[in-house]
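A note on names: the letters A, B, ... follow the listed sequences, proteins ahead of strands, and every chain is numbered from 1. All values derive from a computational prediction rather than experimental measurement. We use all heavy atoms of the structure for the numbers below, so side chains are in, but hydrogens, waters and symmetry mates are not.
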Protein chains: 2
Amino acid sequence: MAQKVKLSTIAETLGVSTATVSLALRDSPLVAVSTRDRIKEQARALGYIYNRRAASLRTSRSGIIGVIVHDIMNPFYGEILKAIESELDRSQYTFILSNHYDSVEKQRNFIETMLQLGGDGIIMSPAIGSPPEDLELAEENGMPVILVARTIDGVTLPGFRGDDSYGISLATNHLISLGHKVIAMVGGTDQTSTGRDRYQGYVNALRKADIEVLPDLRIPGPRTRQGGFEAAVHFLSLPQKPTAAVCWNDLVAIGLMNGIARAGLVPGVDISVTGYDDLEEASIATPALTTVWNGQSEVGRLAARALLDRLAGSHDPDGLHLIKPEMRIRQSTGPLKPRR
Amino acid sequence: MAQKVKLSTIAETLGVSTATVSLALRDSPLVAVSTRDRIKEQARALGYIYNRRAASLRTSRSGIIGVIVHDIMNPFYGEILKAIESELDRSQYTFILSNHYDSVEKQRNFIETMLQLGGDGIIMSPAIGSPPEDLELAEENGMPVILVARTIDGVTLPGFRGDDSYGISLATNHLISLGHKVIAMVGGTDQTSTGRDRYQGYVNALRKADIEVLPDLRIPGPRTRQGGFEAAVHFLSLPQKPTAAVCWNDLVAIGLMNGIARAGLVPGVDISVTGYDDLEEASIATPALTTVWNGQSEVGRLAARALLDRLAGSHDPDGLHLIKPEMRIRQSTGPLKPRR
DNA sequence: CTGAAAGCGCTTACAG
DNA sequence: CTGAAAGCGCTTACAG
């Protein structure tokens, strides 16, 4: 590579000052149009590459936004990311993506890296057990934080997620209305607000229908396709013989249905299964999955908007914004059959 | 936020020079241990945040590695990314992830952004139709590029991917050995090297077995679960009545199996289906998918290593490194049945 | 409309 | 083992 071309190279070859070049390249109205055109033309001809580090050091804005979630390979987060990406795409921000896999340490590392890079803001789905101090560290150093999908007790940052308790009650009520009485809940964990809310929504719906809540009918843990698949054995061997399962999410539901099918039963006929999220693949599962839309696209879009607004100076009210989930009835649920 | 703490703040409060602080924080042996400890302690106490932009401006190394692929939500790329991530995790690099969705423009933007940020290197799966100049732009500016999953004609950068032609012939031969003679190929595109290689591998395997190659048996296009699902209608209405399908990848195969099941046929019994990639979900599909392992984890690991080596100064030979695919026989393929 | 100069916060020879 | 000083490549008052 040849000699590095910088602002001053352009300035010298054109006999103007670096100040003029700097202004011209950023389309400042202070520079005469003819000068600007000459400068831009020269920049192109020389193959000039703008040095964002230098600019950022001077202005203390980096144009970088950090996004960290549990796992970008999980389509639930993937759909949120896609919405964030398309919202940020129109702006001039570059975004840095990362997984924390629920490691508080990885998350802290990420926040620190963003701080070191002078990141302008962070959108995050906090790791299980995130200490509020870690998030405050960002805010205290002038880097705003927006929460998605999960919230943390004792933290009042702006947050966007679905109304889990309400959403899971939609699924549970749907099964109850089909005549099911022995309904298991498969997957999830009490360690997240989401996990607690969904279990609570399930419990509430059963109680309201005067159905006894049996702790054994809860199979906690699974959160992936693989987890749901493996839980099928446990599910099918429950002595109470559940006729339906409210699953933690679509992935668990799809895995569970595969496991049920392997055992020779027909999901949607012998056993009713509901998912949660309404991922793109829910509708093409076999059978097509009855599930609850969890507003991923809205969560991502609103979070990105909120951050952009905040960076533009406006200060929206903090606190939680709940997206209202919606029921999507398909073929994985059906009326209660006579005892199996 | 209080007054910004910088190197000089630490230096002043301790009565030493910034040079000493800088060296101490980076564990230079030039600094006395006692001095170093005092400095580190003070940095912690003051809540010092290292300014990477300033350092990077000075050293012209940023510690940033860019990774761009077609779509991180596609599990095939997800698995590659995971391998890259775990390899890079041990190093001190931050990585910036992005999708190009096969838009050459998005890809060029990404390369330019990396250049502006002073990125140390890029790992990429190039967009369809990538002009060699775009990749050369990076190299010319001192930013090394490593290719994964796809390569580009006329570009001699180091590249890592599976041996597609060989791999697809494994799948095709497996079906032939089960007695199938009317074998369709579902998905993929001629616009990528991968697409051309896989089709060629399929054609070669058929020819070698003296089976006529019928162009109508190729259903190009699908690359996703949704695409495979939708292709089922076309597949099932082919006048030649294929008894087996060699699919572009696992996602297409899973989608196709779902579509076949919807039509009342049993994949693995009525119609044999092979996938490609051996994603994590291949083994839990129903039926478990017969497929070809495409070495995602190896591709990611080796690419990351190659870049790290290059950044450390060693200059590995350029050119293509092919990973040898392996057959994974499961339940989605079976012996030819009497005519359906 | 344009230029001269200071400064963002580091690191790196260089000197002692 | 430590310090004084220059410089990375920008942007921003300030002056004209």
Side-chain angles (χ1 to χ4, degrees), chain A residues 1 3-40 42-43 46-64 92 113 115-120 141-142, chain B residues 1 3-40 42-43 46-64 92 113 115-120 141-142:
Chain A
M1 84 202 190
Q3 198 63 292
K4 189 80 138 257
V5 177
K6 41 191 174 175
L7 268 194
S8 63
T9 317
I10 303 177
E12 280 164 25
T13 58
L14 248 34
V16 297
S17 73
T18 58
T20 303
V21 176
S22 172
L23 292 169
L25 291 179
R26 283 172 299 137
D27 287 319
S28 162
L30 287 175
V31 179
V33 178
S34 64
T35 315
R36 190 208 296 168
D37 290 348
R38 265 171 58 224
I39 291 174
K40 288 199 161 187
Q42 181 75 317
L46 294 175
Y48 169 66
I49 289 171
Y50 179 67
N51 187 327
R52 295 234 295 219
R53 293 168 290 178
S56 162
L57 180 58
R58 181 59 227 254
T59 61
S60 70
R61 301 201 77 197
S62 63
I64 292 178
Q92 272 303 25
T113 300
L115 247 15
Q116 295 181 353
L117 291 172
D120 292 335
N141 285 281
Chain B
M1 82 205 193
Q3 199 60 295
K4 189 79 137 257
V5 177
K6 40 192 175 174
L7 268 194
S8 62
T9 316
I10 303 178
E12 280 165 25
T13 59
L14 248 34
V16 298
S17 74
T18 58
T20 303
V21 175
S22 173
L23 292 168
L25 291 179
R26 281 173 299 139
D27 287 319
S28 162
L30 287 175
V31 179
V33 178
S34 65
T35 315
R36 189 209 298 168
D37 290 347
R38 264 171 59 225
I39 290 173
K40 287 198 163 188
Q42 181 73 320
L46 294 175
Y48 170 66
I49 290 170
Y50 179 67
N51 187 327
R52 296 233 294 221
R53 293 168 289 177
S56 162
L57 180 58
R58 182 59 227 255
T59 62
S60 69
R61 300 199 78 197
S62 64
I64 291 177
Q92 273 303 24
T113 299
L115 247 17
Q116 296 181 352
L117 290 171
D120 291 335
N141 285 280

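Judged by closest nucleotide on DNA chain D, B:R38 is the one of A:N51 and B:R38 placed further toward the 5' end. Toward the 5' end of DNA chain C, the nearer of the two residues A:V16 and B:Y48, judged by each one's closest nucleotide, is A:V16.
Listed here is the closest heavy atom pair of A:Y48 and A:L25: CE2-CD1, 3.6 Å. Between A:A24 and A:I39, the closest heavy-atom pair is CB-CD1, 3.5 Å. Between A:S62 and A:G119 the shortest heavy-atom distance is OG-CA, 3.5 Å. Minimum heavy-atom separation, B:T18 to B:S8: CG2-CA, 3.7 Å.
Residues from residues 52-60 of chain A that place a heavy atom under 4.0 Å from any atom of DNA chain C, listed by number: A:L57, A:R58. Less than 4.0 Å separates DNA chain C from at least one heavy atom of each of the following residues of residues 26-37 of chain A: A:P29, A:L30, A:V31, A:A32, A:T35.
Every side-chain hydrogen bond (donor to acceptor under 3.5 Å, both in side chains) that B:S17 has, sequence neighbours left out, goes to B:T20. Remark: A:R38 pairs with no residue by the side-chain hydrogen bond (donor to acceptor under 3.5 Å, both in side chains) rule, at least two apart or across chains. Not counting sequence neighbours, A:Q116 has no partner by the side-chain hydrogen bond (donor to acceptor under 3.5 Å, both in side chains) test. A:L57 is linked by a side chain to side chain contact (heavy atoms under 4.5 Å, CB included) to B:N51, B:A54, B:L57, counting only residues two or more places apart in sequence or in another chain. By the side-chain hydrogen bond (donor to acceptor under 3.5 Å, both in side chains) test, A:T13 is found to be paired with A:Q42, residues two or more places apart in sequence or in another chain being considered.
Listed by first and then second residue, the salt bridge (Lys or Arg N to Asp or Glu O under 4.0 Å) pairs that reach into residues 46-63 of chain A come to none, sequence neighbours excluded. Listed by first then second residue, pairs satisfying salt bridge (Lys or Arg N to Asp or Glu O under 4.0 Å) with a partner in residues 13-35 of chain A read A:D27-A:R36, A:D27-A:K40, not counting sequence neighbours. Identified under the salt bridge (Lys or Arg N to Asp or Glu O under 4.0 Å) test for residues 15-24 of chain B, with sequence neighbours left out: none.
Across all strands shown, A:G118 has no heavy atoms under 4.0 Å from either base or sugar-phosphate atoms.
Consecutive pairing runs in DNA chain D reach the stem threshold at C:1-3 with D:14-16, C:5-12 with D:5-12, C:14-16 with D:1-3, where a stem means at least three Watson-Crick or G-U wobble pairs with distances under 3.5 Å.
Note that CG of B:L23 is 6.0 Å distant from CG of B:L30, once rounded to the nearest 0.5 Å.
Contacts between chain A and DNA chain C, taken as any atom within less than 4.0 angstrom of a protein heavy atom, begin and end at C:dC1 to C:dG9.
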